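Everything below concerns the one structure shown next.
Note that the coordinates shown come from a computational prediction; the quantities given were computed from them, not determined experimentally. These values consider heavy atoms only, across backbone and side chains, with no hydrogens, waters or symmetry-generated copies. The residues of the chain are indexed from 1 along the displayed sequence.
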Amino acid sequence: MEGSSGLSGDHVSRITGSVSPLTPGPEEVMRYRSPLVSRYASREMAFNFSDSKKFQTWRRLWLRLAQAQRSLGLPITEEQIQEMEANLENIDFKMAADEEKRLRHDVMAHVHTFAHCCPKAAPIIHLGATSCYVGDNTDLIVLRDGFDLLLPKLARVISRLADFAERYAELPTLGFTHYQPAQLTTVGKRCCLWLQDLCMDLHNLERVRNELRFRGVKGTTGTQASFLQLFEGDHEKVEELDRMVTSMAGFKRAYIVTGQTYSRKVDIEVLSVLASLGATVHKICTDIRLLANLKELEEPFEKEQIGSSAMPYKRNPMRSERCCSLARHLMTLIMNPLQTASVQWFERTLDDSANRRVCLAEAFLSADIVLSTLQNISEGLVVYPKVIERRIRQELPFMATENVIMAMVKNGGNRQDCHEKIRVLSQQAAAVVKQEGGDNDLIFRIHADSYFAPIHAQLDQLLDPKSFIGRAPQQVLKFLKEEVMPLLAPYQNKMDVKIELDL
């Protein structure tokens, strides 16, 4: 993957779930704080969308522009370049805020603030550029870096669930269609259904990340007219300027044509794959919540965790519920870039700005949170085989009736007579379950009926759950080997990060 400023390749042993302590300062409690940052998001993703990163990136972009312009012959001195380099992180945020209040223009406020600490470079800061040179290019850098934070997290979730799927590849469990008992599958095979969706998400996030281009150096309406004037009509130098700044920012390509902004269709692509990831996480965590209700599977539960303030026995799947809650929010955010792109007039209108400040950051923050939480869940999933076995025993006798009929026919029985016998006994057993609240006693009834004496000795074999799971174990191993492991190969040096949530 091209340029990144994410977690790098360093191995990390622990990442806390929230970005700030649970004890806010007195000033913070007097105003609204987004829970996405104050409670849940990782420090890395919160910083990625911070003012500090944003405005430092603006300054780096102004520096790169000046460096490229100087190398192409404009009268910019090394002293001016060095002065800019020395003040990339020396941002007077109060001065910038005062300037913006006075000028009503955020970019010019920061041009003035940067110029104040770089008096020698002041005349050449932002030379030939428009606001979107720093605004849009910074957004593209932040989007790229956001993907670079999400992709290893998604890969780790896939890796943890792949281990889970392999461990339980052969453990039979009751399948459900319409949330009604259906043919058996295995715990591992069900997990592979989750994994298949997550692998699609990993592929889609990689694709959109790698297709991101830089806006580059395009001027006020995308024609590069100001730069053509600076270089006195030299088209080659203007193109080289665009290429150099794009490369300095870590991108391989820039969009050849833009208006004042890069096409807002790009934001649609970005949020589409994140919304799709949200749908996947919601489905997985809904399944976990339903299985928790059946007591077949549980998410991690801390030693001192409280499930309910009123009912002390409860073990609520609160992590999965959090994932579903935030995944729903993530899915709704796609409507913002769809509507924004549709109403951009000609080369640009400013009604995209405030909306994008909210929806782009919230999409990545939400995705970051659900992936961190899902990784924590997947690292501590608990399976209860005895509960699963009991549920199978309750339903399997009905499912095995076709096998019983076939066995009787092989032993000389009449298919229609056997079918009627089984139908009557099944209805009787169903009445015990539904009307009396008793256990399924169909097999006991078959044992007690002399008609079935030729196969009584075979009943245990006919009711072996593993004879009802088909090729599920083989499918699990093939899927993991051929589709999952190759996708994870690029992320192997980032697999040993364990998530422990503060909340």
Side-chain angles (χ1 to χ4, degrees), residues 1 6 34-37 39-42 44-46 48-49 139-158 161 193-213 261-289 319-344 351-375 377-378 487:
M1 295 180 185
S34 169
L36 293 177
V37 173
R39 290 180 67 87
Y40 303 128
S42 69
E44 294 81 7
M45 190 62 79
N48 190 50
F49 286 92
D139 286 345
L140 290 162
I141 290 170
V142 167
L143 295 179
R144 179 198 64 193
D145 293 351
F147 278 123
D148 288 343
L149 291 171
L150 293 179
L151 283 165
K153 290 191 174 189
L154 178 51
R156 286 196 294 271
V157 170
I158 292 171
L161 289 176
L193 300 181
W194 304 341
L195 281 167
Q196 181 166 247
D197 290 351
L198 289 168
C199 287
M200 293 171 64
D201 292 317
L202 185 67
H203 173 76
N204 288 334
L205 262 66
E206 288 177 341
R207 173 183 57 79
V208 173
R209 187 262 183 231
N210 291 332
E211 288 179 355
L212 282 177
R213 301 192 208 176
T261 71
Y262 67 79
S263 171
R264 295 313 185 215
K265 290 276 286 184
V266 174
D267 295 344
I268 295 175
E269 287 291 298
V270 169
L271 264 69
S272 289
V273 295
L274 296 181
S276 182
L277 171 65
T280 298
V281 173
H282 199 293
K283 184 266 189 295
I284 293 170
C285 290
T286 299
D287 283 356
I288 291 173
R289 292 165 65 191
R319 291 172 174 84
S320 297
E321 290 173 314
R322 178 189 302 167
C323 282
C324 288
S325 180
L326 290 172
R328 286 201 304 274
H329 177 62
L330 176 55
M331 287 185 281
T332 66
L333 292 174
I334 183 57
M335 292 306 299
N336 285 288
L338 283 170
Q339 295 185 56
T340 295
S342 71
V343 297
Q344 287 301 287
D351 63 347
D352 64 336
S353 179
N355 184 293
R356 295 176 70 252
R357 289 174 192 262
V358 176
C359 72
L360 295 180
E362 288 198 352
F364 277 87
L365 290 165
S366 299
D368 176 72
I369 297 162
V370 298
L371 286 177
S372 293
T373 308
L374 184 55
Q375 180 183 334
I377 293 169
S378 62
L487 274 179

Do [X] and [Y] get their side chains close enough for a donor-acceptor pair, meaning under 3.5 Å?
| X | Y | answer |
| --- | --- | --- |
| Q375 | R156 | yes |
| D352 | T340 | no |
| Y262 | D267 | yes |

Identify the heavy atoms of [X] and [Y] that sit nearest to each other, and give their distance.
| X | Y | answer |
| --- | --- | --- |
| S372 | K153 | OG-NZ, 2.9 Å |
| I377 | C323 | CD1-SG, 4.3 Å |
| L36 | S366 | CD2-OG, 3.8 Å |
| S320 | C285 | O-CB, 3.6 Å |
| H282 | A327 | CB-CB, 4.0 Å |
| T373 | R319 | CG2-O, 3.7 Å |

Are any of the side-chain heavy atoms of [X] and [Y] separated by less than 4.5 Å?
| X | Y | answer |
| --- | --- | --- |
| N48 | L149 | yes |
| E269 | R207 | yes |
| R264 | P337 | no |
| Q344 | D351 | yes |

Hey, what do you get for [atom1] ([X]) to [atom2] ([Y]), rounding to the nearest 0.5 Å?
| X | Y | atom1 | atom2 | result |
| --- | --- | --- | --- | --- |
| I284 | I288 | CD1 | CD1 | 7.0 Å |
| L374 | W194 | CG | CH2 | 9.0 Å |
| M45 | I369 | CE | CD1 | 9.5 Å |
| L371 | D368 | CG | CG | 7.5 Å |
| L360 | N355 | CG | CG | 8.0 Å |
| T286 | E321 | OG1 | CD | 10.0 Å |

task: Check the pair D287 / L193 against side chain to side chain contact (heavy atoms under 4.5 Å, CB included), numbers first and verdict last.
output: CA-CA 11 Å; D287 283 356; L193 300 181; over 6 Å; no

- prompt: Which residues pass the ring-ring contact (aromatic ring centres under 6.0 Å, His included) test with F147, sequence neighbours left out?
  reply: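 ring-ring contact (aromatic ring centres under 6.0 Å, His included) check on F147 returns F364.
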
List the atom pairs, with distances to 0.1 Å, where a side-chain N or O of residues 328-335 and a protein N or O form a donor-acceptor pair under 3.5 Å, not counting sequence neighbours.
unit_1: H329; atom_1: NE2; unit_2: E362; atom_2: OE1; d: 2.8
unit_1: T332; atom_1: OG1; unit_2: H329; atom_2: O; d: 2.7

message: Check whether S325 reaches the backbone of R322 with its side chain - one donor and one acceptor, N or O, closer than 3.5 Å.
response: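 No: the side chain of S325 does not pair with the backbone of R322.
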
Run the side-chain donor-acceptor check on residues 270-281: report pairs under 3.5 Å with partners two or more places apart or on a different chain.
unit_1: S272; atom_1: OG; unit_2: I268; atom_2: O; d: 2.7
unit_1: T280; atom_1: OG1; unit_2: D201; atom_2: OD2; d: 2.6
unit_1: T280; atom_1: OG1; unit_2: S276; atom_2: O; d: 3.3

field: Residues D197, K283: salt bridge by 4.0 Å N-O rule
entry: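 Salt bridge flag = no for K283 with D197.
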
